[in-house]
Amino acid sequence: MDNLAIARILREIADLLEIKDENPFKIRAYRNSADIAANHPHELALLDETGLREIPGIGKDLAARIREIAETGDTTFHRELVEEFPPTILDLLHLQGVGPKTVAVLYRELGVRTLDELEAAARDGRVRALKGMGPKKEALILKALDEQKRFAGRHLLPDAHDTAAALLEYLRHHSPDATIEAVGSLRRGCDTCGDLDLLASGAAPDLMDHLADYRLVERVLGQGDTKSSVLLHGGFQADLRLVAADSRGAAMQYFTGSKAHNIALRDRAIRLGFKLNEYGLFTIADDVRVAGEREEDVYASLGLEWIPPELREMRGEIEAAEAHTLPRLVDRADLRGDLHMHTTETDGKDDVRSMAEAARDTPLEYIAITDHSQSLAMANGLDERRALAHAGRIRALDVEDIGVRLLAGIECDIKPDGSLDLADDCLAALDLVVASVHSAFNQERQQMTDRLLRALDNPHVDVLGHPTGRLILKREPYAVDVDAIVNAAARLGVALEINCQVDRLDLNDVHARLGRDRGARFVISSDGHSRLAFGRLRWGVLIARRGWLRPSDVLNTQPFDAFRSSLRRNRQQA
DNA sequence: GCCGTTTTCGGCCCGACTGTTTTCAGTCG
């Protein structure tokens with residue numbers, strides 16, 4: 001049982017308890033535990049009850065449940081709940097505007113168990129006949145059903161960023177004196193976003209009307225003086241909040257989240273005799289505002305350093321802010337090189353010179369050309385002879401001194417048995433080897449782990465490329481013991497790649513943090529297939545920041561000579 | 001169900017908007 005599977009069961013328990021109208025704090029405890037499981041860097045299944053109980057939020061009962069899930073694949077508690085309610089009614093819970101109370105009534109009064117049954121009930125007027133519901137609720141449900149069919153609900157971070165940027169520009173044009181910014185998961189740099197959360201301060205209330213008039217608005221979901229929601233063409237929901245200028249910082253803090261971070265912060269506020277909400281930080285005793293205009297002041301009044309949004313995930317940032325040990329996070333401007341890209345020699349769109357010139361203009365100081373190896377026949381992958389000839393041309397161009405240093409590398413396939421796709425003497429003759437998995441994704445966990453460990457053992461491997469193989473919103477990562485992989489990488493001096501392809505972003509933030517804590521080092525690489533790809537380095541930097549990485553954790557923040565000598569192949573010779 | 005610098009019992013983050021109400025419950029973030 002991996003952490004995600006454990007999290008799924010815990011989350012289902014929380015959802016079913018909610019439909020049962022159980023104690024809301026019990027529900028929160030289960031939901032919280034699901035989040036803990038999903039984000040925990042270590043395999044919970046490997047911890048015993050004592051180890052589990054050391055995790056804040058996991059007590060006696062939850063530890064026992066997690067042990068039971070790890071050992072048997074499920075818990076009796078969960079099975080009993082599923083017997084009471086068919087699991088398909090959880091689909092209803094994900095409809096916009098339909099919550100646990102509504103689901104419970106629909107099931108109890110109408111026997112509705114599936115989305116199709118709900119649609120039928122809404123269409124023939126049975127929903128509006130229920131107590132507490134009416135024609136509007138019925139219409140809302142039908143709309144939600146329609147939207148649910150059309151939109152998956154989550155979006156890649158860069159898509160969310162672009163959509164938000166266009167909307168922000170439109171709103172700022174209307175209210176040039178106001179401050180209007182993206183908050184929520186977008187500001188925290190999460191790899192996927194649900195809704196777009198925007199915050200305006202110091203704007204006139206007619207900004208809300210202006211939002212509704214935006215040309216990409218498909219439907220207004222709700223509109224008030226301080227809060228409005230719209231559905232955009234393309235499936236994004238945008239929420240806009242409006243606060244007074246003197247509440248700007250508190251509102252930024254509040255709407256940036258994460259939810260868990262906010263709860264902890266508010267809890268801290270209470271312990272210190274304050275009340276924290278989106279309008280400010282107030283004394284409980286006499287309701288005097290002590291902070292609100294600036295986010296920094298809110299944190300400072302709570303005895304904390306300002307915490308970068310990317311860290312606000314309840315992964316130790318509050319303790320670090322209190323102890324003044326927050327890391328100086330890596331920044332896009334720290335990157336001097338890009339160590340993974342393709343050219344027309346295999347499946348890239350631009351040749352080596354074009355890529356080099358585009359890198360120089362980005363600007364970057366050095367790049368590695370890493371075309372595919374022969375196993376990737378579809379991509380016209382290189383065999384030993386072509387790889388070495390290609391390397392010769394790359395080095396010849398480097399001698400021309402065109403304003404960016406070039407390394408002749410390869411992205412070498414890791415074959416299903418863990419051997420590498422090209423002979424050792426060929427790999428040794430190159431400047432840098434990125435080793436990656438592109439086949440046999442469905443291997444058993446142990447087999448995949450052994451495969452990667454064997455590849456890491458090859459002394460010619462400098463970087464492990466997109467280490468978990470995930471494609472965000474498309475393909476789950478392959479089953480692999482990431483813990484063992486990052487330990488081996490740290491021990492052997494193999495850098496872990498943070499791949500900046502927008503649907504990879506692999507390693508993810510949680511694993512980057514794990515690797516950092518184990519002393520592994522990283523590279524942030526575009527995996528570009530055209531000269532336009534260098535811009536995406538910013539997304540990998542966000543992941544790195546969410547993983548608490550400092551410049552010193554990332555090899556390609558170093559000047560060229562220092563970078564070269566920090567590669568595994570050159571460290572071993574030294 | 002978790003948790004403890006008033007605590008092993010009694011708290012647990014907070015507010016806006018909507019719809020069906022007539023003072024509030026449900027949903028959302």
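Please read all numbers here as calculations on a predicted model, not as lab measurements. Below, chains carry the letters A, B, ... as their sequence lines are ordered, and counting in each starts from 1.
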Does one side chain, of [X] or [Y], offer a donor that lies under 3.5 Å from an acceptor on the other?
X	Y	value
E293(A)	S247(A)	no
H78(A)	D74(A)	yes
T283(A)	D286(A)	yes
R312(A)	S258(A)	no

- Message: Ignoring hydrogens, what is the shortest heavy-atom contact between A512(A) and I498(A)? Give both atom names and the distance.
- Response: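 Closest approach of A512(A) to I498(A), heavy atoms only: CB-CD1, 4.3 Å.
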
Whole-Å distance between [N] [atom2] and [X] [atom1]?
X	N	atom1	atom2	result
M208(A)	dT18(B)	CE	P	11 Å
R241(A)	dC14(B)	CZ	C1'	10 Å
R271(A)	dC12(B)	CZ	P	14 Å
I58(A)	dC3(B)	CD1	P	8 Å
I284(A)	dC13(B)	CD1	C1'	12 Å
D267(A)	dC14(B)	CG	P	9 Å
N32(A)	dC3(B)	CG	C1'	12 Å
L276(A)	dG15(B)	CG	C1'	12 Å

- Message: Checking D225(A) against L242(A) for the side chain to side chain contact (heavy atoms under 4.5 Å, CB included) test, could you report, in this order, the C-alpha distance in whole Å, the side-chain angles of both residues, the deciding distance, and whether it holds?
- Response: CA-CA 8 Å; D225(A) 291 340; L242(A) 182 55; over 6 Å; no

Considering only atom [atom1], compute the distance from [N] to [M] and round it to an integer number of Å.
N	M	atom1	value
dT5(B)	dG1(B)	C1'	23 Å
dG11(B)	dT22(B)	P	31 Å
dG26(B)	dT21(B)	P	13 Å
dT6(B)	dC2(B)	P	23 Å
dT20(B)	dT27(B)	P	13 Å
dC13(B)	dC24(B)	P	23 Å
dG15(B)	dC9(B)	C1'	29 Å

- Using a heavy-atom cut-off of under 4.0 Å over every strand shown, decide if L140(A) touches base, sugar-phosphate, or nothing.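 No contact.
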
- Task: For D61(A), report the nucleic acid contact type (base, sugar-phosphate, nothing); a contact means any heavy atom under 4.0 Å.
- Result: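 Counting heavy atoms under 4.0 Å across all strands, the contact made by D61(A) is with sugar-phosphate only.
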
- Residue pairs, two or more places apart or on separate chains, that pass side-chain hydrogen bond (donor to acceptor under 3.5 Å, both in side chains) and touch residues 173-183 of chain A: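 Matches after skipping sequence neighbours: E181(A)-R248(A).
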
- Item | Y279(A) six-ring face occupied by R289(A) cation (under 6.0 Å, within 45°) |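 No, R289(A) does not sit over the ring of Y279(A).
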
Which of [range] have a heavy atom under 4.0 Å from DNA chain B?
range	result
residues 10-31 of chain A	N23(A), F25(A), K26(A), R28(A), A29(A), Y30(A)
residues 66-77 of chain A	none
residues 287-299 of chain A	none

- Between F282(A) and F274(A), does the ring centre distance come in under 6.0 Å?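 That pair fails the under 6.0 Å test.
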
- Message: Donor-acceptor check, side chain of N262(A) to backbone of Y254(A), threshold 3.5 angstrom: yes or no?
- Response: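 Side chain of N262(A) to backbone of Y254(A), a donor-acceptor pair under 3.5 Å: yes, one is there.
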
- Message: Within a 6.0 Å radius of atom CZ on R215(A), are there more than 12 heavy atoms belonging to other residues, nucleotides or ligands?
- Response: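 Not more than 12 within 6.0 Å, no.
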
- Task: Check the surroundings of atom CD in E169(A): do more than 12 heavy atoms from other residues, nucleotides or ligands lie under 6.0 Å from it?
- Result: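 At most 12 heavy atoms, drawn from other residues, nucleotides or ligands, come within 6.0 Å of this atom.
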
- Item | Toward the 5' end of DNA chain B, by each residue's nearest nucleotide, Q223(A) or A63(A) |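 The residue mapped nearer the 5' terminus is A63(A).
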
- Task: Show your reasoning for whether salt bridge (Lys or Arg N to Asp or Glu O under 4.0 Å) applies to E317(A) and R513(A).
- Result: CA-CA 12 Å; E317(A) 71 276 12; R513(A) 173 72 182 278; over 6 Å; no

- What is the pairing partner of dG19(B), taking Watson-Crick or G-U wobble pairs with both distances under 3.5 Å in any strand?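 With both distances under 3.5 Å, dG19(B) matches dC24(B).
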
Side-chain N or O of [X] closer than 4.0 Å to phosphate OP1/OP2 of [N]:
X	N	result
Y279(A)	dC13(B)	no
K136(A)	dT21(B)	no
R65(A)	dG1(B)	yes
N262(A)	dC13(B)	no

Are any protein N/O atoms closer than 3.5 Å to N/O atoms in nucleotides 27-29 of chain B? If there are, list each pair with its distance.
residue: dT27(B); atom: OP1; partner: G99(A); partner atom: N; Å: 2.8
residue: dT27(B); atom: OP1; partner: G99(A); partner atom: O; Å: 3.1
residue: dT27(B); atom: OP1; partner: T102(A); partner atom: N; Å: 2.9
residue: dT27(B); atom: OP1; partner: T102(A); partner atom: OG1; Å: 2.1
residue: dT27(B); atom: OP2; partner: K101(A); partner atom: N; Å: 3.0
residue: dT27(B); atom: O5'; partner: G99(A); partner atom: N; Å: 3.4
residue: dC28(B); atom: OP1; partner: L95(A); partner atom: O; Å: 3.2
residue: dC28(B); atom: OP1; partner: G97(A); partner atom: N; Å: 2.5
residue: dC28(B); atom: OP1; partner: V98(A); partner atom: N; Å: 3.3
residue: dG29(B); atom: OP1; partner: D195(A); partner atom: OD2; Å: 2.6
residue: dG29(B); atom: N2; partner: Y254(A); partner atom: OH; Å: 2.6

- Message: Please list all pairs meeting salt bridge (charged side-chain N to carboxylate O under 4.0 Å, His left out) that have one or both residues in residues 27-49 of chain A, counting only residues at least two apart or in different chains.
- Response: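 Output for this query lists R11(A)-D35(A), D15(A)-R31(A), E18(A)-R31(A), E43(A)-R445(A).
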
- Parallel, tilted or perpendicular for Y299(A) and H261(A), by the 30°/60° rule?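 Y299(A) and H261(A): tilted rings.
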
- Message: For a 4.5 angstrom cut-off between non-hydrogen side-chain atoms, does L329(A) reach R550(A)?
- Response: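 A side-chain contact is absent here, since even the closest heavy-atom pair is not under 4.5 Å.
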
